[in-house]
Amino acid sequence: MKKIVQILIFILLFTGLMACQKQPVETPVDLSTIYQQNDVYYEIFVRSFADSNGDGIGDLNGITDNLDYLVNLGITAVWLMPINPSPSYHGYDVTDYYSINPDYGTLEDFQNLIDQAHARGIEIIMDLVINHTSDQHPWFISAQSSVNSPYRDYYIWNGNTAYQTFGGGMVDLNFNNPAVITEVENIMDFYLDMGVHGFRIDAAKHLIESNNATLDNALLILQLNEHMKAKDPNSFLVSEVLDMSYLAYADYYIGSDSLFDFYAAQNIWDKVGLGNNRYLFASNLKKEYDALREVKTDFVNAPVTGNHDMNRLASMDGFNSYYSLEKLALAARINLTLPGSPFIYYGEELGMKGIRYEGINVAGYGTVYDEYRRSPFLWGTSTYQTSWLPDNGANDAVASFADQAADSTSLYNVYKEIIKVREDNPALMYGNYFEPYVDNNSNIQGYVRYFSDENVTQAVLVLNNISSDPRTVDLSYLEILYGDLNIPAYGTLIVSIDPDLIGDYI
Ligand SMILES: [Ca+2]
Ligand SMILES: [Ca+2]
């Protein structure tokens with residue numbers, strides 16, 4: 001008995017010491033195996049990421065060869081932008097849903113990528129581009145050739161002209177035809193059987209054009225998601241509803257596991273970047289989360305600071321001049337402490353720049369629009385460097401991965417550190433609890449995150465200094481998980497708080 005008491009005292013002392021060293025919160029089980037929809041995502045434009053065979057074009061084997069890059073950064077899941085054959089450089093107009101763009105590799109390469117990623121604890125989701133096909137897809141070629149084609153009703157006709165939401169030869173599929181839904185379910189099954197974790201539904205609000213489009217689309221996505229869940233209950237479906245108002249996308253939680261949080265993104269751009277109405281930051285987000293919770297209590301949001309359809313964060317007004325690096329770092333720390341599964345667009349961790357051009361000619365390439373929002377990742381070494389797009393000098397002043405990895409103060413290392421803090425603290429990683437800090441003002445914007453299940457209960461307070469002056473907070477009695485009580489300009493402090501005393505902080 002005495003021996004057992006000694007052991008217990010030792011364990012208590014030992015765990016106390018561990019806590020002082022900011023070790024991960026101790027849990028009897030690996031929570032990531034329970035909450036499989038919570039990940040830290042990395043969005044990859046395959047053409048620009050890593051070239052394995054020297055043709056200058058990124059490919060699947062290049063990703064496989066660089067999975068350790070993702071592991072070292074802390075990434076646990078990847079969103080691959082379209083990888084099916086397509087006549088366009090971006091791939092958002094598919095000609096064959098069952099094979100791989102030859103520039104990117106083969107189905108065998110994709111299987112190998114999935115398997116190698118799984119071996120490192122990384123899941124893969126795919127872009128599911130189903131609002132439209134390419135007008136070069138065999139379905140459409142047949143459909144256009146004859147009103148008697150079995151594929152005629154796969155599309156939406158006005159006379160002999162097929163409806164296009166986006167133009168450019170992207171012809172909309174007809175989701176009033178059950179055969180089209182079956183085709184999509186078959187495509188999903190094909191890739192789920194290969195081991196993908198789920199899908200990102202492209203252009204979700206355009207799938208069905210009707211007077212009741214939001215509900216019609218949400219219910220269509222629900223049908224697809226239920227099909228997927230019957231096959232894999234842990235799978236993940238995130239819908240792209242490109243709107244800056246949460247009121248416009250909240251109802252898509254009817255069928256989606258997750259939605260990109262463009263409202264939070266816009267608040268980050270506006271409050272952190274431009275400094276507008278900073279005192280509203282946390283309260284705005286609370287309003288959004290409360291609205292989402294009314295549709296789906298266990299919503300898993302997908303916070304972002306940008307994606308391939310937007311000018312890169314480092315090129316945005318407010319982020320491209322004074323305190324640029326500090327603001328980019330704060331945007332990252334906010335994005336990675338919000339509820340859900342945060343997404344990082346490749347190159348954001350380096351502060352890469354890039355904007356849209358309205359059809360200018362680039363020597364050696366041709367006419368460009370969104371290409372420079374999706375430019376080659378900056379490895380800093382020739383190995384794996386992609387070069388399909390001529391360098392326009394926009395990133396001349398941006399340090400490469402090789403340089404940033406060696407610099408402990410780099411943006412890359414800010415990302416790496418805050419991702420680790422998120423993954424070590426269940427209050428940040430799981431659940432969607434979010435309440436604004438009681439003493440928020442126009443400089444300090446904080447929020448409490450909390451998580452509790454049968455394995456662990458934890459609460460943390462995240463304080464962001466959205467100002468160019470250092471701010472000192474009087475919380476010295478709390479355990480610091482990240483940062484310093486003297487919060488530098490655009491800095492972040494994360495402290496552990498007693499879950500029973502949350503009421504003192506909100
Ligand atoms: Ca290649
Ligand atoms: Ca449509």
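Atoms within each ligand, like the ligands themselves, are counted from 1 in listed order. Numbers for residues simply follow the sequence, beginning at 1. Bear in mind the structure is a predicted one, so any value in this text is a computation, not a measurement.
For a distance bound of 3.0 Å, the N, O or S atoms of N131 include one lying that close to the Ca ion (ligand 2). For residue T386, no N/O/S atom approaches the Ca ion (ligand 1) to within less than 3.0 Å. Contact annotation: D172 places an N, O or S atom under 3.0 Å from the Ca ion (ligand 2). Under 3.0 Å from the Ca ion (ligand 2) lies no N/O/S atom of H132, from backbone or side chain alike.
Atom OD1 is the N, O or S atom of D55 at the shortest distance from the Ca ion (ligand 1). Residue D51 approaches the Ca ion (ligand 1) most closely through its N/O/S atom OD1. The Ca ion (ligand 2) is closest to atom O of H206 (considering only N, O or S atoms).
Comment: D309 engages R374 in a salt bridge, judged by a side-chain N to carboxylate O separation of less than 4.0 angstrom.
Remark: the Y246 side chain and the Q266 side chain contain no N/O donor-acceptor pair separated by less than 3.5 Å.
Aromatic pair Y384/F49: ring centres not closer than 6.0 Å. A ring-centre distance under 6.0 Å is not found for W379 and Y346. Ring centroid separation for the pair Y41 and F236 comes in under the 6.0 Å cut-off.
Vertex the Ca ion (ligand 1); arms to D59 OD2 and I57 O; angle rounded to 10 degrees, 90°.
For the ring pair (Phe, Tyr, Trp, His ring centres under 6.0 Å) with W79, the qualifying choice from F45, F260, Y42 is F260, the only one to do so.
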